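Each remark here refers to the structure printed beneath this line.
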Amino acid sequence: MECRYYKVSDGDRVECLLCPHHCQIANGKTGICRSRRNHDGVLVSEVYGKPCSLAIDPIEKKPLYHFHPGTTCLSIACTGCNFRCLNCQNHEISQVAPEDVGQYDLSPEAVVNLCLEHHCPGIAYTYTEPLTYIEYVTDTARLAHEKGLWNILVTAGYVCQEPLADLLPYLDAANIDLKSFSDDIYQRVSGGRLLPVLDTILAMRDAGVWIELTNLIIPTVNDDMDMIRRMCQWLVANGLSGNPLHFSRFFPRYKMQDISPTPLPTLKEAQRIAQEEGIRLVYLGNV
């Protein structure tokens, strides 16, 4: 499947225009996400219609606590991520190439039919980074809306505004992983930047998408309470005081095996600060 967001660059290279990395990809190579490859000057999504994971989940698992609670969703994921988080919880499928894991063969029509067959009211694009296979998500989401199904995006939000704008009309809800409120931490831990994530949050807000936010608190990494306070102040200042904020407990994973789990008092202090700053719905996760 030819990607929609790229341009031919110097020589045999193409420039991917999907996310702020703007990967310059040589012929035969992939970008950072490992799922978008340059085939003789044509950028191709190697995971379109080839999910690696399918499940039926309670909607609260996304986590979404205030979007049709008590319902289920068909969760779907393809390999790939445009971040390199040292603490990745799903690195077995997010930090690998498509050929490294098993795949299903499911067109957008087949995904929608599967959702209807199992009486799920919506589809969640989740587990990895669904924005790296945005063409598949957008095509599936458009068909899902035609059948009256919801579309839920679970994302780190690292995307350029043009491709996001093409997806937004079909999104109903999103949980956005706001990893910290520090550009330096984003660069060191995830290999990205903070500002594009904030832009994604605001674009979804403006489009009327229901937003819930998750902040995984990692001891010694992003547990500075002054930074958490600044994050909460930004959310309130941008009209998100009524959107749920989930502070999630860290456990050692992937390349962060030497850091202890988040102490519960740290989570409770973050919750207190968020409420003090005006966030009305604050939840603790992984406790």
Side-chain angles (χ1 to χ4, degrees), residues 55 57-67 69 73 75 77 81 83-95 124-130 152-158 173-182 185-186 188-192 194 197-198 200-201 204 210-232 234-236 240-277 279-287:
D57 288 326
I59 204 163
E60 289 82 0
K61 186 180 176 181
K62 296 303 102 189
L64 288 172
Y65 283 9
H66 289 263
F67 182 80
C73 52
S75 292
C81 186
F83 275 167
R84 289 286 180 267
C85 297
L86 301 178
N87 59 296
C88 183
Q89 298 182 63
N90 290 322
H91 61 91
E92 297 92 346
I93 55 175
S94 70
Q95 302 297 317
Y125 311 90
T126 181
Y127 302 147
T128 57
E129 178 46 73
I152 299 161
L153 195 72
V154 182
T155 177
Y158 205 61
N175 185 287
I176 303 170
D177 188 7
L178 183 53
K179 297 179 182 296
S180 76
F181 209 65
S182 161
I185 294 173
Y186 258 91
R188 287 190 291 108
V189 176
S190 301
L194 170 62
V197 179
L198 299 182
T200 294
I201 293 170
M204 288 189 178
W210 175 251
I211 299 168
E212 302 196 20
L213 297 137
T214 296
N215 178 227
L216 178 73
I217 299 182
I218 307 172
T220 73
V221 175
N222 67 342
D223 59 347
D224 178 79
M225 292 299 151
D226 288 337
M227 181 180 67
I228 289 172
R229 186 179 295 278
R230 291 195 302 274
M231 178 183 74
C232 295
W234 184 89
L235 292 171
V236 171
L240 296 161
S241 61
N243 294 78
L245 175 59
H246 303 258
F247 287 114
S248 192
R249 191 183 190 196
F250 166 84
F251 288 94
R253 288 288 289 167
Y254 196 35
K255 297 180 180 180
M256 279 192 174
Q257 299 288 342
D258 56 341
I259 297 179
S260 299
T262 316
L264 292 181
T266 299
L267 292 172
K268 291 179 180 178
E269 177 65 5
Q271 183 181 47
R272 184 192 68 78
I273 287 172
Q275 291 170 336
E276 185 176 279
E277 292 299 332
I279 306 290
R280 297 197 293 273
L281 301 166
V282 188
Y283 299 100
L284 305 183
N286 288 346
V287 289

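Note that the structure is predicted; figures quoted are calculated from it, not measured.
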**OP:** Working to the nearest 0.5 Å, report the span between CG of Asn222 and CG of Asn215.
**Re:** 5.5 Å
Original post:
Does Lys62 reach the side chain of Ser75, with side-chain heavy atoms less than 4.5 Å apart?
Top reply: yes
Subject >> Nearest non-hydrogen partners of Ser182 and Met227, listed with the distance >> reply: CB-SD, 3.6 Å
**OP:** List the atom of Asp177, the atom of Tyr186, and the distance in Å for their closest heavy-atom pair.
**Re:** O-OH, 3.7 Å
Subject >> Ile201 side, atom CD1; Ile176 side, atom CD1 - distance, nearest 0.5 Å >> reply: 5.0 Å
Original post:
Taking C-beta and beyond as the side chain, do Thr126 and Lys61 meet within less than 4.5 Å on heavy atoms?
Top reply: no
Subject >> Any Val189 side-chain heavy atom under 4.5 Å of Phe83 side chain >> reply: no
Original post:
Do Asn286 side-chain atoms and Arg249 backbone N/O form a donor-acceptor pair below 3.5 Å?
Top reply: yes
Original post:
Residues in ring pair (Phe, Tyr, Trp, His ring centres under 6.0 Å) with Phe250, at least two apart?
Top reply: none
Original post:
About how many Å separate OH of Tyr127 and SG of Cys81, when rounded to the nearest 0.5 Å?
Top reply: 16.0 Å
Original post:
What side chain to side chain donor-acceptor pair (under 3.5 Å) pairs are there with at least one residue in residues 259-270, not counting sequence neighbours?
Top reply: Glu269-Arg272
Subject >> Over all atoms of both residues, closest heavy-atom pair of Cys88 and Arg253 >> reply: O-CB, 4.0 Å
Original post:
Is there side-chain contact between Leu178 and Leu194, with heavy atoms separated by less than 4.5 Å?
Top reply: yes
Subject >> Rounded distance [0.5 Å steps], CG in Asn175 versus CZ in Phe67 >> reply: 12.5 Å
**OP:** To the nearest 0.5 angstrom, please state how far the CE atom of Met225 sits from the CD1 atom of Ile273.
**Re:** 5.5 Å
Subject >> Shortest non-hydrogen separation from Leu64 to Ala174 and the atoms involved >> reply: CD2-O, 3.9 Å
Original post:
Can you tell if the side chain of Lys179 reaches within under 4.5 Å of the side chain of Val197, non-hydrogen atoms only?
Top reply: no
Subject >> Min side-chain heavy-atom separation Thr214-Pro63 under 4.5 Å >> reply: yes
Original post:
Between the main-chain N or O of Leu213 and the side-chain N or O of Asn243, is there a donor-acceptor pair closer than 3.5 Å?
Top reply: no
Original post:
Within a strict 4.5 Å, meaning less than it, do heavy atoms of the Trp210 and Pro244 side chains meet?
Top reply: yes
Subject >> Results of side-chain contact (heavy atoms from CB on, under 4.5 Å) for Asp226 - residues two or more places apart only >> reply: Asp224, Arg230
**OP:** Please name the pair of heavy atoms, one in Gly157 and one in Thr200, separated by the smallest distance, quoted to 0.1 Å.
**Re:** O-OG1, 2.6 Å
**OP:** Please name the pair of heavy atoms, one in Leu153 and one in Pro130, separated by the smallest distance, quoted to 0.1 Å.
**Re:** CD1-CG, 3.5 Å
Original post:
Is the closest side-chain heavy-atom distance between Thr155 and Glu129 below 4.5 Å?
Top reply: yes
**OP:** Not counting sequence neighbours, which residues clear ring pair (Phe, Tyr, Trp, His ring centres under 6.0 Å) with Phe247? List them please.
**Re:** none
**OP:** Can you tell me which residue pairs pass the side chain to side chain donor-acceptor pair (under 3.5 Å) test with a partner in residues 84-95, sequence neighbours excluded?
**Re:** Arg84-Gln95
**OP:** With side chain to side chain contact (heavy atoms under 4.5 Å, CB included) as the test, would you mind laying out the steps for Ile217 and Ile228 before giving the verdict?
**Re:** CA-CA 9 Å; Ile217 299 182; Ile228 289 172; 4.0 Å; yes
**OP:** Look at the side chain of Glu212 and the backbone N and O of Tyr65, then say whether any donor-acceptor pair between them is shorter than 3.5 Å.
**Re:** yes
Subject >> For Arg229, all residues meeting side chain to side chain donor-acceptor pair (under 3.5 Å), sequence neighbours excluded >> reply: Glu276, Glu277
